[in-house]
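Here's the structure we're looking at; comments come further down.
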Amino acid sequence: MVLCPVIGKLQHKRVVLASASPRRQEILSNAGLRFEVVPSRFKEKLHKASFATPYAYAVETAKQKALEVAGRMHQKDLRAPDVVIGADTIVAVGAMILEKPVDKQDAYRMLSRLNGKEHSVFTGVAIVHCCSKDISGPGRTLRLTLSSWAPRAHPTDGRLDTEVSEFYEETTVKFSELSEELLWEYINSGEPMDKAGGYGIQALGGMLVEYVHGDFLNVVGFPLNHFCKELARLYYPPRPEDLRRVRHDSIPAVDTFENLSDSEAGGSDPGQSAKGGRGGEQADGDRSQAPRALDAALNGADSRPPFPTGLLELMDGFKASKVLFTACKLRLFDVLKDQGPLQAADVARKLSTCAGRTEQLLGVCAALGLLEKTRRGYGNTEVATLHLVSDGEHSLQGLAEYNDAHVWGVFTRLGLAVREGADQTRGVLGAMEEERLSQNRELTLQFMRAKHSLSKLTAHHVATAFDLSRFASACDLGGCTGILARELAQEYPRLQVTVFDLPEVTELSGGFQRGGRQTERIRFVPVRTQRVGHYLQAKQSVLRRN
Ligand SMILES: Cc1cn([C@@H]2O[C@H](COP(=O)(O)OP(=O)(O)OP(=O)(O)O)[C@@H](O)[C@H]2O)c(=O)[nH]c1=O
């Protein structure tokens with residue numbers, strides 16, 4: 001393979017593409033890769049909210065797809081393929097992730113969200129090397145630079161070892177302003193249904209797109225260029241001198257893959273590179289003819305540091321939190337739920353706020369994925385409808401209010417806490433707060449609502465994280481409204497659960513109960529104390545007595 005020796009590195013390996021996507025198959029076979037197709041059975045239902053970024057979700061899904069196929073093939077033949085490739089493409093509007101639409105209405109919702117705006121397309125890719133005698137034979141060392149290691153099992157004793165390299169690529173796509181008529185015509189063509197975000201840029205969907213920044217094939221479903229760079233990184237680790245020589249302006253286009261030397265002319269064993277850097281003496285001779293900067297850059301050795309996206313998000317994270325808290329406090333999401341979509345001026349009128357500033361707030365909420373902007377105005381996104389509307393079943397409004405009113409203040413005193421060692425959390429959870437809670441019923445309720453809304457999301461996961469079925473009793477210290485207790489009682493039919501908390505909390509906990517048979521096995525025990533330390537001691541002694 002002249003154009004791309006890195007693809008040639010896979011030539012003598014059994015490569016499996018763990019994907020049913022015809023686009024991925026076409027992209028990879030056009031690139032000269034020979035592979036089998038074994039679609040993954042991994043259900044794309046990872047909990048999106050538990051990922052810090054949309055691309056982390058795509059990468060994990062890609063990895064699970066590939067590992068599922070590797071595991072299944074290993075079980076079936078007792079021999080996994082050498083390499084399994086998994087990929088997952090998602091469309092992200094702010095923090096919201098769009099996958100394939102489930103029906104035409106869903107496609108319409110997605111396309112309306114993308115209409116007239118920029119969005120990101122992320123494809124996560126996982127390259128899984130399955131450990132077999134082919135790779136780790138005598139005298140050969142596996143020399144892969146792998147970004148993660150997922151120990152599985154060993155082939156000789158019926159287990160399977162896998163090494164996973166994973167990455168993602170982002171492309172920005174902007175849609176034109178599209179009429180309803182055009183959207184429906186496009187939906188009725190049937191094209192959106194098997195495509196992330198509800199469109200296919202490579203076909204009719206190309207007409208919706210105003211511009212693309214980044215790798216086009218990444219949008220179609222597979223970032224071929226990044227994949228080749230990743231293979232180069234795995235099979236030709238850069239030498240230190242290459243790293244030093246690389247220049248900022250030397251990032252090559254994809255056709256410079258031919259500058260990579262390949263002493264084996266299509267050889268496939270990464271172990272070969274163990275001797276004499278990337279292919280030994282002869283290869284080095286060839287390489288001296290080739291521009292090393294290009295070679296090194298191709299291997300990801302650009303001397304510029306990687307863009308610190310995560311760090312910048314941390315720098316500005318507090319602003320995003322405050323925007324969210326402010327919108328919740330103003331009941332913006334409630335207004336939009338009942339009366340949206342609304343133009344900015346109408347929102348300002350309904351909230352009695354400054355029109356200009358409200359428009360800015362709405363814009364930032366849209367950028368954060370909390371609102372969506374269409375020609376008809378601003379409306380709640382799914383995540384806002386689910387979690388930010390105050391009367392919703394899964395509302396986190398209480399948590400937002402409490403964090404804004406109390407926790408925010410404590411964190412502004414973090415520097416003081418570190419310098420002086422004083423316990424700044426006292427103001428929220430400690431003795432002072434305890435006193436205030438006992439004096440102020442509304443404050444207690446606010447605290448309980450915050451804990452309740454969060455626990456509703458987490459309790460089931462906590463209750464099922466371990467198998468507690470051998471226990472007859474459990475207690476939740478500071479169990480507040482008893483959400484975890486309820487979940488435990490529901491999960492384990494013979495479990496008796498005791499919830500300890502402050503008297504003013506247990507007194508109000510009744511207002512949060514929903515009834516049901518499991519309630520009979522839950523008991524609330526008030527514990528009076530003035531200080532958190534004493535409180536915990538009291539709870540421990542109650543525990544010991546029980
Ligand atoms: C934005 C866009 C996406 N797609 C296709 O959308 C599917 C994403 O879904 P996935 O879950 O990543 O893959 P899949 O098709 O379900 O296959 P699998 O890998 O088996 O999960 C893939 O097909 C992609 O090509 C296009 O064809 N064109 C585009 O412009």
Side-chain angles (χ1 to χ4, degrees), residues 54 91-98 101 104-121 172-187 192 197-199 205 207-211 316 318-401 404:
V91 165
V93 192
M96 194 201 324
I97 295 174
L98 306 180
K104 285 186 176 182
Q105 276 304 331
D106 200 23
Y108 173 73
R109 270 193 294 275
M110 289 184 181
L111 291 168
S112 308
R113 235 165 238 149
L114 305 178
N115 199 358
K117 286 191 300 202
E118 263 189 8
H119 62 268
S120 291
V121 180
T172 306
V173 177
K174 162 104 196 293
F175 268 31
S176 297
E177 293 278 355
L178 307 162
S179 65
E180 300 279 302
E181 198 189 352
L182 193 143
L183 287 187
W184 276 112
E185 201 179 321
Y186 180 56
I187 292 163
Y199 73 95
M207 289 187 272
L208 317 180
V209 171
E210 203 165 290
Y211 60 73
D316 276 341
F318 73 102
K319 296 180 195 165
S321 302
K322 198 65 181 172
V323 166
L324 168 63
F325 297 160
T326 305
C328 282
K329 199 169 179 176
L330 289 167
R331 302 276 172 198
L332 172 65
F333 304 104
D334 289 352
V335 167
L336 290 177
K337 179 202 160 205
D338 297 333
Q339 302 162 56
L342 290 173
Q343 299 297 340
D346 297 324
V347 175
R349 234 187 328 275
K350 292 193 187 294
L351 297 177
S352 308
T353 49
C354 160
R357 295 288 184 230
T358 304
E359 182 155 20
Q360 286 175 333
L361 182 72
L362 290 166
V364 178
C365 285
L368 291 174
L370 307 175
L371 297 181
E372 54 193 8
K373 188 183 179 191
T374 61
R375 255 176 298 171
R376 291 191 296 145
Y378 291 91
N380 289 336
T381 55
E382 264 166 48
V383 76
T385 305
L386 203 58
H387 297 301
L388 300 176
V389 170
S390 57
D391 58 2
E393 161 75 4
H394 305 285
S395 176
L396 286 169
Q397 162 89 25
L399 183 64
E401 252 176 52
D404 192 25

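The first residue of the sequence shown is numbered 1, and numbering continues consecutively from there.
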So which pairs with a foot in residues 353-363 pass salt bridge (Lys or Arg N to Asp or Glu O under 4.0 Å), sequence neighbours left out? none
When every non-hydrogen atom of Asn115 is compared with those of Leu178, the smallest separation belongs to OD1-N, 2.7 Å
Quick one: does Gln397's side chain have a donor or acceptor within less than 3.5 Å of a partner on His387's backbone? no
Take Arg375 and Glu177 through the salt bridge (charged side-chain N to carboxylate O under 4.0 Å, His left out) test and state the conclusion after the steps. CA-CA 9 Å; Arg375 255 176 298 171; Glu177 293 278 355; 3.7 Å; yes
Check Phe325 against Asp404 and note the closest heavy-atom contact, atom names and distance. CB-CG, 3.5 Å
Taking side chain as C-beta onward, heavy atoms only, is Leu371 less than 4.5 Å from Leu332? yes
Looking only at heavy atoms, which two atoms of Gln343 and Gly377 are closest? And how far apart? NE2-N, 3.6 Å
Assess the residue pair Leu114 and Leu98 against the criterion (side chain to side chain contact (heavy atoms under 4.5 Å, CB included)); give the C-alpha distance rounded to whole Å, side-chain angles, the decisive distance to 0.1 Å, and a yes or no. CA-CA 10 Å; Leu114 305 178; Leu98 306 180; 4.0 Å; yes
Per the ring-ring contact (aromatic ring centres under 6.0 Å, His included) rule, which among Tyr186, Tyr199, Trp184 passes with Tyr108? Trp184
Is a side-chain N or O of Ser395 found less than 3.5 angstrom from the main chain of Asp391, in a donor-acceptor match? no
For side chain to side chain contact (heavy atoms under 4.5 Å, CB included), just list the numbers for Leu342 and Lys350, CA-CA rounded to whole Å, side-chain angles, deciding distance to a tenth of an Å, and then say yes or no. CA-CA 10 Å; Leu342 290 173; Lys350 292 193 187 294; 3.9 Å; yes
Residues in side chain to side chain contact (heavy atoms under 4.5 Å, CB included) with Thr358, at least two apart? Val347, Ala348, Thr353, Leu362
Can you name the closest pair of heavy atoms from Pro192 and Gly198 and give their distance? CB-O, 2.8 Å
Could you walk me through whether Asp334 and Lys337 pass salt bridge (charged side-chain N to carboxylate O under 4.0 Å, His left out), step by step? CA-CA 5 Å; Asp334 289 352; Lys337 179 202 160 205; over 6 Å; no
Dump the intermediate steps for side chain to side chain contact (heavy atoms under 4.5 Å, CB included) on Phe333 and Thr385, then the final yes or no. CA-CA 7 Å; Phe333 304 104; Thr385 305; over 6 Å; no
Within a 6.0 Å radius of atom CD on Gln339, are there more than 12 heavy atoms belonging to other residues, nucleotides or ligands? yes
Taking side chain as C-beta onward, heavy atoms only, is Leu388 less than 4.5 Å from Asn380? no
For the residue pair Cys365 and Val323, what are the closest heavy atoms and their distance? SG-CG1, 3.8 Å
What's the separation between atom CG in Leu368 and atom NZ in Lys319, rounded to the nearest 0.5 Å? 12.0 Å
Verify, without hydrogens or angle tests, whether Glu401 (side chain) and Leu396 (backbone) share a donor-acceptor contact under 3.5 angstrom. no
Can you measure from CE (Met207) to OG (Ser176) and round to the nearest 0.5 angstrom? 11.5 Å
Are more than 12 heavy atoms, taken from residues, nucleotides or ligands other than Glu181, located less than 6.0 Å from that residue's CD atom? no
Just how far is it from atom OG of Ser352 to atom CG of Leu330, taken to the nearest 0.5 Å? 10.0 Å
How close do Glu382 and Arg113 get, heavy atom to heavy atom, and via which atoms? OE2-NH1, 3.5 Å
